[in-house]
Number of protein chains: 2
Amino acid sequence: MKTEATTDGRLLRGEATRERVLDAAERCFGERGYDDVSIRQIATEAGVTLGVIGFHGGSKLELFRTVLTRRVETLNAARRKRLADLMSRQDRPDLRSLIDAYLTPYLEIASRGDQQWRSYARLIARIATDDRWYAEMRPLYDPVAHEYLAIIGRIHPNAGPEKLAAALTLTVASMLALVASRIRISGLSEMPDRGSPLQYREMLVDFCAGGFEKMLR
Amino acid sequence: MKTEATTDGRLLRGEATRERVLDAAERCFGERGYDDVSIRQIATEAGVTLGVIGFHGGSKLELFRTVLTRRVETLNAARRKRLADLMSRQDRPDLRSLIDAYLTPYLEIASRGDQQWRSYARLIARIATDDRWYAEMRPLYDPVAHEYLAIIGRIHPNAGPEKLAAALTLTVASMLALVASRIRISGLSEMPDRGSPLQYREMLVDFCAGGFEKMLR
DNA sequence: TGACAATTTATACGCTCGTACAGATACTCT
DNA sequence: AGAGTATCTGTACGAGCGTATAAATTGTCA
């Protein structure tokens, strides 16, 4: 008996609570992963009672999946828009611009003032190494990845699909690491952290573009 | 009341069991992380009763730390040996050889026939995105990383310590991704997986070397 | 062989977990 | 006002968790 969202204010009554629940879950999951978070902690974080979580979020697994899915389209749209902008300006954009277009939207959401988006970005980075969740993520993110790969493949016709896929996988891994493990950079260099992933954008894009080029050469 | 390992066969009586416990824990943690594994599951996996885990492994946290620490020195030694070999042959080795020396030992253990080493490599890759465990890993792996960075820094004197640290962090992230998320390559390219991380060695080293070079240029 | 220590078994305790649900409350529409 | 639905509260249940420990077993050495 799911409540369909309407505008008449009737069925929207609990929508604000639902948002609070999803936001709280997003923060908790982003900070501590799936297993280390309990529904009771999410309830406390959201400022609601235990039963409300089940009422609005379903089971823990359903809640997690909802959080995973909720923001995907926004991110995909940003990546598609950047790609379209790029292609409208030049027919054969250079590799670095393509990689920049793919990476920047994620860096931006991970650096936003909005803490919810930061939590979501953190969550994606966290679960990326877990096969258990990869199956859920794949259909959400693969289509856009394929669009990028198709264009990169057109520019580098000598590179086979496996090399292209490998290069993008390593690129994504680097991108996620910048969000999930940024402390390591400051830890290794003994310099203070720059504060947000976006401020490492040039380094990251350089690294990935250089890697792509060398691999496809 | 810790049993010191001796050779007289007396105090070694339970050593075989201890190994079985640690091996089982390594497999479980490597496959499902920390929180999703229970001591009872480890006991079943090891073929011992519940109490034995506590007797030989201490608390769950102690057990996990022991598993994390157990194999570090072997890996560090392999990396140091490769670096020494490289330096004995040439005073200024090229960047690609240095990165290859750092990455290959890990790829090798992750590709070994020995399942325990594979589980350990998987475990490292899995927890790398978790700040909770990074603090434990840092003192174990940072020293060797610094040795490599010192030499790379000598070859590229114009690169600051932050760029060096960032490049190595992204390199390590790529390396771990190859162990933890190799399915993604076959998933994106719709080609069969090559079977072991070591068979992607050239791609990985190319990618990281290319990234390093472009970043430090 | 018998004393003694190391190891293993079996069980119990106090918690927290995810889930379910009956009842209370708030809101909407007739 | 009153019926009816949506939302929220409070509580309970069974299961599994990490840990501790008494008792049983095994092995060692005097």
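Quick caveat, the model's predicted, so the values are computed rather than measured. In what follows, chains carry the letters A, B, and so on, assigned in the order in which the sequence lines appear, proteins first and then strands, with residues in each chain numbered from 1.
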Interatomic distance, B:Phe55 CZ vs C:dT8 C1' [rounded to whole Å]
8 Å
Spacing between B:Asp36 atom CG and C:dC17 atom P, to the nearest angstrom:
15 Å
Using the test salt bridge (Lys or Arg N to Asp or Glu O under 4.0 Å), find all partners of A:Asp100 that sit at least two apart in sequence or belong to another chain.
A:Arg201
Starting at CD1 of A:Ile53 and ending at C1' of C:dA20, how long is that distance when rounded to a whole Å?
15 Å
Examine A:Arg194 relative to A:Tyr200 and say whether NZ or CZ is less than 6.0 Å from the centre of the six-membered ring and inside a 45° cone about the ring axis.
yes
With no hydrogens and no angle check, just 3.5 Å: does a side-chain donor-acceptor pair link B:Arg27 and B:Gln115?
no
When you check the phosphate oxygens OP1 and OP2 of D:dC8, does a side-chain N or O of A:Thr17 lie under 4.0 Å from one of them?
yes
Would you say A:His56 reaches D:dC8's phosphate, i.e. side-chain N/O to OP1/OP2 under 4.0 Å?
yes
Give me the ring orientation class for A:Tyr34 and A:Phe29: parallel if the planes are under 30° apart, tilted from 30 to 60°, perpendicular past 60°.
parallel
Basic-acidic side-chain contact under 4.0 Å: A:Glu31, A:Arg126
no
Between B:Asp114 and B:Arg118, is the closest basic N to carboxylate O distance under 4.0 Å?
no
Mark up nucleotides 9-23 of chain D, 5' to 3', with B wherever a protein heavy atom is under 4.0 angstrom from a base atom, S wherever such an atom reaches only the sugar-phosphate, and - elsewhere.
BBBB----BBB----
Starting at atom CZ of A:Arg18, determine the distance to atom C1' of D:dC8, rounded to an integer number of angstrom.
16 Å
